[in-house]
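Here's the structure we're looking at; comments come further down.
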Amino acid sequence: MNRKELYQLLNTELSRPGEADDGAIAAAILHFIAANSGPKGLTELTLICRHIARQRGIQNVFNLIKRLEVSFSLRKPALAIYDHTLHLIGGAQKYGCTVAHALQDDFDITLIANKPVRHQDLQNWYQLDLSRCRIATIPIPFYEEQNKEHLDPASVTSRRMANPFHLISLESGRYDFFINNSMVEMVFPMANPSLFICHFPERRPSSYFYVDRYQHLIFNSRYTAEWIRKKWGLQPGIHIYPPVDMNGSVDFSAKENIILSAARFDPGGNKQQLRMVKVFKELSQRQPRHLRGWKLILAGGSPLENQYLDNIRQSIAACGLDNIKLQVNLSAAELKGLYQKAKIFWHLCGLNQSEPELVEHFGMTVAEAMQNSCVPVVFAGGGLVEIVENNVSGLLFSSQGQLAQKTVELITQPRLLQSMGERACQRGKIFGRGVFETRVKEVFGKMLNDYRLAE
Amino acid sequence: MMENENIKKSLQELKNYYAAERDKSQDIDELIKEPLDREIIIDFWKLSNAEIEREMWNRLSILDADADCLPGGPLPSRRSFLGKPIMIIKKLVRRLTAPYSSMLLQKQNQLNRELVTFQLLTFLKFRHLEKRICAIEEKMVDFPDPRQNEPQIEKRTARKK
């Protein structure tokens, strides 16, 4: 490509603000430099950059130069993953960290957090070696003043308040790829390409909503995709189910008569453990013969002070049953032990709820239980119906009565319980970490090829 | 090899230059040469119960912040040359009309405060009602109406016959 042709292309593309093809511009410049790498050609590059900066801004030129560096294989591409709650353990955080784990060979990865977090913490929480990733902590003054552990994006209520995430938007522009894994719609992506991982659209578009400015929208379940369309009016792009890695060697004969629930003791009561206690109590009274020898174990994480957890304790005490146990803040190994011992898994999140965000968006613990041949009896809604195939790899219910009835069906038919447990185990494998990482590598491999302007 | 070194050096120099320029300007609109923000219109009819509640809280806090309509602080001036005489006139007008306007504004202020308080109370009343409805719904789940399971007698058909 000669100088004249290059300028012709530049002028055509730059005359279309908002629609200019950055890839075509970068490819043309790349070919021009490759053919004219002498002093004259490189001086021309300086002039081209100045020309683009005038028309499209400094960030656009900066992105172009970064892309040329990667395309000439002068360095590895830099990728940043932002998560405002990286310092707290959680399913969404595990998702982002597993993406980093899958890509750390091909990218220089920076995990951007707002509060300090160590590699060792991430290793302990998710069993992921992220030693090749850098962690950058960027405190946000607005939230530092509040001195709270959780940075709540909903506290920015109107455009009268300055956007506290402006700092992160500016930081995003330093990298080749930027992934927003934090569900903070107020971060404007300045890198190109940019990806927004949506775990669920919690808020409607309001002040500082920039999700539509990201080039790719990744979603974790079809349920989430449906609500992205309804709440944001956006078309979700890439579907990647969350990584679930609880696979273990399971001997069904060694299992005990345990109904297990593993879910956070959410202070708002969204996971409905209190209702589980009620149902179990009712079942024990109505079907004492069938329920003899069965235990209900409620496992999950909780903050130190939790009124909802206290209510559950009181309810258990009031029942007078000694076969309902609470196991709070277990280690991953202890939880795995419970999955291996339990025969049935209950998950009620979403039952009798009218708000879509209170229904399970995916349900990682359900897939974890299935990987350990635990038969799921779960609410027929949200992302749960994507995990469990009714009457094949588990049972779905829509009411409290159905939950009781289906549980008794399983308890009274040991053969059905075992065969369904085996099928649940098979089904659970499709949500494994290996499958997740392969998919992530495939998606990003293609993006990287495009970015590198590989012919 | 030499050519690659030249390219590397040039790109590095350009990158350093634009990185410094980028750091100098913290204004995103300027960096991307387009306005970042646009007006987003909320379709209130599509909001869920929880979203309506959130929106009510947000609006209430805005109303509360804006309730005070008494003039406070110095008058702003954006003009460089004409600024001073215009400011003098503004101050004069403000002082002349002060006795009458401050009486009206104080009345308005009082009304605003009362309205904000009234809105808050209405909101709290809604909350109490909602809690009561939730408690009733919860009881209905625990003790479903036994008549629901009884066979339905089709009275109308029987009458026709």
Side-chain angles (χ1 to χ4, degrees), chain A residues 17-18 33-34 37-39 41-43 45-46 49 53-62 64-66 68-69 72-75 154 157-160 163 166-167 169-170 173-174 188 190 203-210 213 230-231 275 278 282 351-352 354-358 399-401, chain B residues 2-34 36-44 46-55 57-62 65-66 134 137-138 140-144 148-149:
Chain A
I33 302 172
S37 58
L42 294 172
T43 311
L45 176 66
T46 313
C49 286
R54 266 198 305 269
Q55 304 253 343
R56 303 270 315 274
I58 291 164
Q59 184 62 48
N60 197 279
V61 178
F62 192 63
L64 171 75
I65 298 165
K66 285 185 291 169
L68 291 174
E69 280 185 325
F72 278 114
S73 304
L74 301 175
R75 62 170 175 82
T157 50
S158 77
R159 207 172 283 176
R160 289 171 183 214
N163 183 351
H166 196 75
L167 279 173
S169 303
L170 287 167
R174 296 185 190 282
F188 178 83
M190 295 181 77
R203 293 170 291 277
R204 298 250 172 202
S206 60
S207 332
Y208 310 123
F209 179 85
Y210 305 126
R213 309 294 280 266
K230 282 185 188 167
K231 273 195 168 180
R275 196 184 294 276
K278 274 186 192 171
E282 212 174 86
L351 179 64
N352 299 332
S354 55
E355 299 293 333
E357 56 266 40
L358 300 183
S399 67
Q400 201 171 297
Chain B
M2 186 64 188
E3 284 171 359
N4 222 13
E5 275 304 309
N6 284 343
I7 293 170
K8 186 177 179 178
K9 202 177 149 212
S10 295
L11 286 176
Q12 189 60 50
E13 280 171 9
L14 281 169
K15 193 176 164 188
N16 290 345
Y17 171 75
Y18 283 106
E21 289 291 303
R22 204 183 153 271
D23 290 344
K24 258 191 252 169
S25 165
Q26 298 284 302
D27 181 2
I28 297 180
D29 288 26
E30 184 54 37
L31 286 171
I32 61 169
K33 285 262 189 234
E34 61 175 289
L36 187 63
D37 292 317
R38 61 251 136 109
E39 200 55 51
I40 292 171
I41 297 156
I42 303 170
D43 185 353
F44 295 118
K46 283 186 179 168
L47 299 189
S48 70
N49 191 33
E51 286 170 333
I52 290 172
E53 184 164 326
R54 249 192 320 261
E55 205 58 42
W57 269 125
N58 289 347
R59 303 285 156 150
L60 194 64
S61 64
I62 293 171
D66 284 353
C134 284
E137 279 178 348
E138 191 74 10
M140 281 173 70
V141 172
D142 288 346
F143 306 102
Q148 277 179 359
N149 296 329

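Chain identifiers are assigned alphabetically (A, B, ...) following the order of the sequence lines, protein sequences preceding nucleic acid strands; residue numbering begins at 1 within each chain.
- The part of B:Arg54 that comes within reach of chain A is its side chain, from C-beta onward, which places non-hydrogen atoms under 4.5 angstrom from that chain.
- Side chains of B:Asn16 and B:Gln12: a donor on one and an acceptor on the other come within 3.5 Å.
- Looking at B:Glu55, there are no atoms closer than 4.5 Å to chain A (heavy atoms on both sides), in backbone or side chain.
- Shortest non-hydrogen contact noted between B:Ile28 and A:Ser169 is CD1-CB, 3.6 Å.
- Your options are A:Arg174, A:Lys66, A:Gln55, and the one with the most heavy-atom pairs under 4.5 Å with chain B is A:Arg174.
- If you measure heavy-atom distances from B:Ala65 to chain A, you find no contacts under 4.5 Å at all.
- For the side chain to side chain donor-acceptor pair (under 3.5 Å) criterion with A:Gln59, the lone passing option out of B:Arg22, B:Glu21, B:Lys33 is B:Arg22.
- The candidate from B:Arg38, B:Lys46, B:Glu39, B:Arg59 with the greatest count of non-hydrogen atom pairs under 4.5 Å with chain A is B:Arg38.
- Among all heavy-atom pairs drawn from A:Phe72 and A:Ala34, the shortest one is CZ-N, 4.4 Å.
- Qualifying side chain to side chain donor-acceptor pair (under 3.5 Å) partners for B:Asp29, counting only residues two or more places apart in sequence or in other chains: none.
- If you measure heavy-atom distances from A:Glu355 to chain B, the contacts under 4.5 Å come from the side chain alone.
- Of the listed residues (A:Val61, A:Ile58, A:Asn163), the one with the most heavy-atom contacts under 4.5 Å to chain B is A:Ile58.
- Listed by chain and number, the residues in a side chain to side chain donor-acceptor pair (under 3.5 Å) with B:Glu51 are A:Arg204, A:Lys231, B:Ser48 (sequence neighbours excluded).
- For B:Glu34, the part lying under 4.5 angstrom from a heavy atom of chain A is the side chain only.
- Interface remark: B:Glu13 contributes no atoms to any contact with chain A (heavy atom separation under 4.5 Å).
- Scanning all heavy atoms of the two residues, the minimum distance from B:Lys8 to A:Leu74 falls at CA-CD1, 3.7 Å.
- The parts of B:Leu11 that come within reach of chain A are both its backbone and its side chain, each placing non-hydrogen atoms under 4.5 angstrom from that chain.
- Distance CG/A:Leu64 to CZ/A:Arg56: 10.0 Å, rounded to 0.5 Å.
- The contact between A:Phe209 and chain B is made by backbone and side chain atoms together, counting heavy-atom distances below 4.5 Å.
- Looking at B:Asp66, only its side chain comes within 4.5 Å of chain A, counting heavy atoms on both sides.
- For the pair A:Leu42 and B:Ser10, the tightest heavy-atom approach, listed with the atom from each and the gap, is CD1-OG, 3.2 Å.
- Contacts with chain A were tallied for B:Asn49, B:Asp43, B:Ile42; B:Asn49 has the most, counting heavy-atom pairs under 4.5 Å.
- Of all non-hydrogen atoms in A:Cys49 and B:Leu14, the two that sit nearest each other are SG-CD1, 4.0 Å.
- With a 4.5 angstrom heavy-atom cutoff, B:Leu36 touches chain A via backbone and side-chain atoms both.
- Of the two parts of B:Lys9, neither the backbone nor the side chain holds a non-hydrogen atom closer than 4.5 Å to a non-hydrogen atom of chain A.
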